[in-house]
Amino acid sequence: MTDASRGNAHELTMSQTCSSLHAVDSCLADLYARAIEQQGALPTLKTVLLNLVIRAADPALEASAQDFAARVLTRVSSRVIVADRASSDQPEGATVSVVCGVTERGDKRLCGEVIQIHASQGAIIGGVMPLLLRDVPVYLWMLGDIASGHEDAADLLQVASHLIVDSRQAVQLAHTMKDTEWLRRAFGGPRVVQDLAWVSLHNWREAAASLFDPPAARESLADLSEITVSYLGSEDAALPPSLPLLLGCWLIGQLGLTIQGAFHSRDEGYRIDAARGDQPVPVRLIPDGSDGPGLLSVVIKCGSDAFTVKRGSDSKLDLASVHNGEHSELGSVDAPDEDDVALVVSVLRSYGTDRVFERVLELAITAIDQFLLVDERSAKIRL
Amino acid sequence: MDHSKALDVNPLREGLARERVVDPCIFVIFGGTGDLAKKKLVPALYHLYRASELPRSFAIVGCASSQLSDDGYRDWVREAVATEAPYLPTSGPEWDAFAKPIYYVDRFGDPPYSKLKARLAEIDSQARTGGNYLFYLAIPPTAFEETAEQLAALGLVKDESGKGWRRLVVEKPFGTDLESARQLNAGLLRSFDEDQIFRIDHYLGKETVQNILVFRFANEFIEPLLNARYVDSVQITVAESIGIGSRGAFYDRTGALRDIVQNHIMQILALVCMEPPVSLEADAVRDEKTKVFESMRCPDPRRIDELTVRGQYAGGTLLGEHVNAYHDENDVADGSTTETYVAAKFFVDNWRWSGVPFYVRTGKRLAKRVTEVGIQLKPIPRVLFGQDGVGEIVPNVIALNIQPDEGIAVVFEAKAPGLGYQIRPVTMDFRYGEAFGESPPDAYERLLMDAMLGDASLFSRADAVEATWELAQPILDGWQHGGSAVYPYQPGSWGPREADEFIQRDGRRWRRL
């Protein structure tokens, strides 16, 4: 069965069901031949820069996986394999699609492909491995929380060069962060691990960094005295969510601070006791008491100076400073695109190790341990 | 973290997509209403603005002879973008924000540009650009030295507070011969320090030219081959299918050697030949390139006919259309002997390249527009497969395609399907556009950014400019004094027949491109 559709003037999607995984190559060849027939004036080229394997933590996420695959493919030329779950008696067929989009220059149409397979736990490696294109990286996107529901994906980790996780989905942040760190260090595992929560902080980091591009503002950092990250969320949990935690730890690492302790109370929110030498620099993570995820602002105080990034309208982050007693509105930058696909595309366009993230992850785990230590002591005292 | 370093470098920029950012600054364009400003600079600056690469505190000041108001110049800039980059918006909030800090200063006054200093100070104060000025000389080279001196006389070469930077960007040609290049360098250096001067050769801003370094020094398989032991010869071709167009007056004074060989081709040759630099710092790269020029054998003017061929395109038909002969083009002097084609042979007399000829050729009205470096490897030592009449085994070629199909190709021998050993050359092809599906940024955008960032890696240094002129000057002298012929060639050909004979004398052929 073949289905062809044009999502818009620039896009052509053709799909076909293959009765067996053995037939995937011939199904794809057939679809490419049809795409070339329909190319019109533009030459059609197959370009594949990478393999992307998407594996959902639970069946409820599998519908999203297929949608994500098609959307990723319009932006990064790749072979996307969606590895859905299947009961062992289900026949191992596949649905293959070829998605073609016109380049920015408008001079050619580039095509990539999606292969959706259904594989039971025991069959997943045998289903995915033969379909991976050789000599290009293998990105494994584990949809959902890696600390739960991905027990069957261990084999896939052995073939992935890059692992994409999302700590925003964490049910138990401590486990998720530690699992991520363990996978990063595991011998024979993925060479690069990336967290979509961290990727979504890029524009916040860019905005905060831009406050210190002027040399005069950088001089203020010598008097760094306090950092406050405000976010949407509740104060009840033992740990802050990953977004404010990672942003706070990023500032701790980049500004040369060390973590000496951490504290959590309903009144004060979460406080990481950081210091530069013997100069204390508390890093406060303050929830607003609401349910929603996301950041509200970050304020970096340097003595009497203060540098602020604040979520303004939906699509902007507003910048401001108080420097030498003078208040300045410094314009705004785009707020992060928090759509999963946009974040994954950003990861797929990078290739190397993100050393800054690695350091931030270690700091976040240190902070988590400190928070949990305090929480444990409090619990004992309450008992 | 060493906190004292944090003041020099923004510690929060580490790992961000924009790890380096441009300081707040004023971009001053001399020749602000000229062709270069219209076609290249203004569109490139607008592209950079749209990509958020320009700092929040930024201003553009156009300087020229026309009498224009700031608004008049903004209209001129809008028209330039509308003409040269019609796909970009020239109205709406984005355009307004870009256009707002655009100003104009005319050159009238005694001395010329006497209003400039006060106007820049006023804009600097308003826009908070920290006393950082970049002066872009988009004017004829004959005015470079004088303009630099005027800037010095106005006290604009150094920031009086000592906090801001001042930079001068000049466009090639850097001189018309060795003597004028030396004079130009000396003249510019009387007003500016070498580290303030950025000499643009836009070829170096091309992605594929920069990729030569990556290809060589980020891959293990290629570098061991690039030496006299394995390389038979190198061919560098910069071919244009168009004629001189409306540039007759300029071109007739210049010719292909000065226009292309002395700068673009020499820069490409240096990237192919240089040793690995110790780092990608500007001077580390430029030191290695200069060593290549200094290692090159200086052509003997008395033997210039053995080392070069020059030609001039004749009239005729190209792709079905009549085209003029060079001497019938506008603004070309009667009886002009200016070459529109040159082929030459160079040697790099160092340990790595000793004895390997570097054949270069460039010309107008050739068969195709193509820029390529063809690295021809030596033949294999013994042919095992020639017994059943398959013919000669073609030595391998590594081709670096710089334009228009940017990429890299390796030509090698393979067994054709069938019984026996039928051998055919096949090509392994990497094309940027196909592999990455993205268009590389315009060369000017990259170079303007680098100049604003103060990164001189892709700009020519005074000693390199003079070193390349030392190689070109004997050719000019030989042609002038030896009376060598200027051979006509048909439009759409690959140059004069004599150029084929020139390389055939060495037992080689030009690559068919």
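Bear in mind the structure is a predicted one, so any value in this text is a computation, not a measurement.
At a threshold of 4.0 Å, the pair E219(A)-K163(B) does not count as salt-bridged, since none of the basic side-chain nitrogens sits closer than that to a carboxylate oxygen.
Neither the backbone nor the side chain of T258(A) comes within contact range of chain B; no heavy atoms are under 4.5 Å apart. Heavy atoms of S350(A) lying under 4.5 Å from chain B are absent altogether. Looking at L319(A), only its side chain comes within 4.5 Å of chain B, counting heavy atoms on both sides. In this structure, chain B has a heavy atom under 4.5 Å from the side chain of R359(A), while its backbone stays farther away. Neither the backbone nor the side chain of D354(A) comes within contact range of chain B; no heavy atom of the residue lies under 4.5 Å from a heavy atom of that chain.
Looking only at distances, no side-chain donor or acceptor of Q254(A) sits under 3.5 Å from a matching main-chain atom of L12(B). Within the 3.5 Å criterion, the main-chain N or O of L330(A) finds a donor-acceptor partner in the side chain of R56(B). With hydrogens and angles ignored, the 3.5 Å screen pairs a side-chain donor or acceptor of N10(B) with a backbone N or O of A209(A).
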Worked verdict on R13(B) versus E206(A) for side-chain contact (heavy atoms from CB on, under 4.5 Å): CA-CA 7 Å; R13(B) 285 250 160 245; E206(A) 171 64 40; 2.9 Å; yes

R355(A) and E19(B): CA distance, side-chain angles, deciding distance, salt bridge (charged side-chain N to carboxylate O under 4.0 Å, His left out) verdict: CA-CA 13 Å; R355(A) 302 277 176 220; E19(B) 217 162 274; over 6 Å; no

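Enclosure of atom CG in L280(B) is not indicated, since only 12 or fewer non-hydrogen atoms of other residues, nucleotides or ligands lie within 6.0 angstrom. Within 6.0 Å of atom CZ in R71(A), more than 12 heavy atoms from other residues, nucleotides or ligands are found, so the atom counts as buried in its surroundings. With a 6.0 Å radius and a threshold of 12 heavy atoms from other residues, nucleotides or ligands, E122(B) has its CD atom above the threshold. Other residues, nucleotides and ligands contribute over 12 non-hydrogen atoms within 6.0 Å of the NZ atom of K158(B).
Between chain B and the residues G331(A), S210(A), A208(A), P214(A), the largest count of heavy-atom pairs under 4.5 Å involves S210(A). For the set S52(B), G130(B), A17(B), P24(B), the count of heavy-atom pairs under 4.5 angstrom toward chain A peaks at A17(B).
Heavy-atom minimum distance, R205(A) versus E14(B): NH2-O, 3.6 Å.
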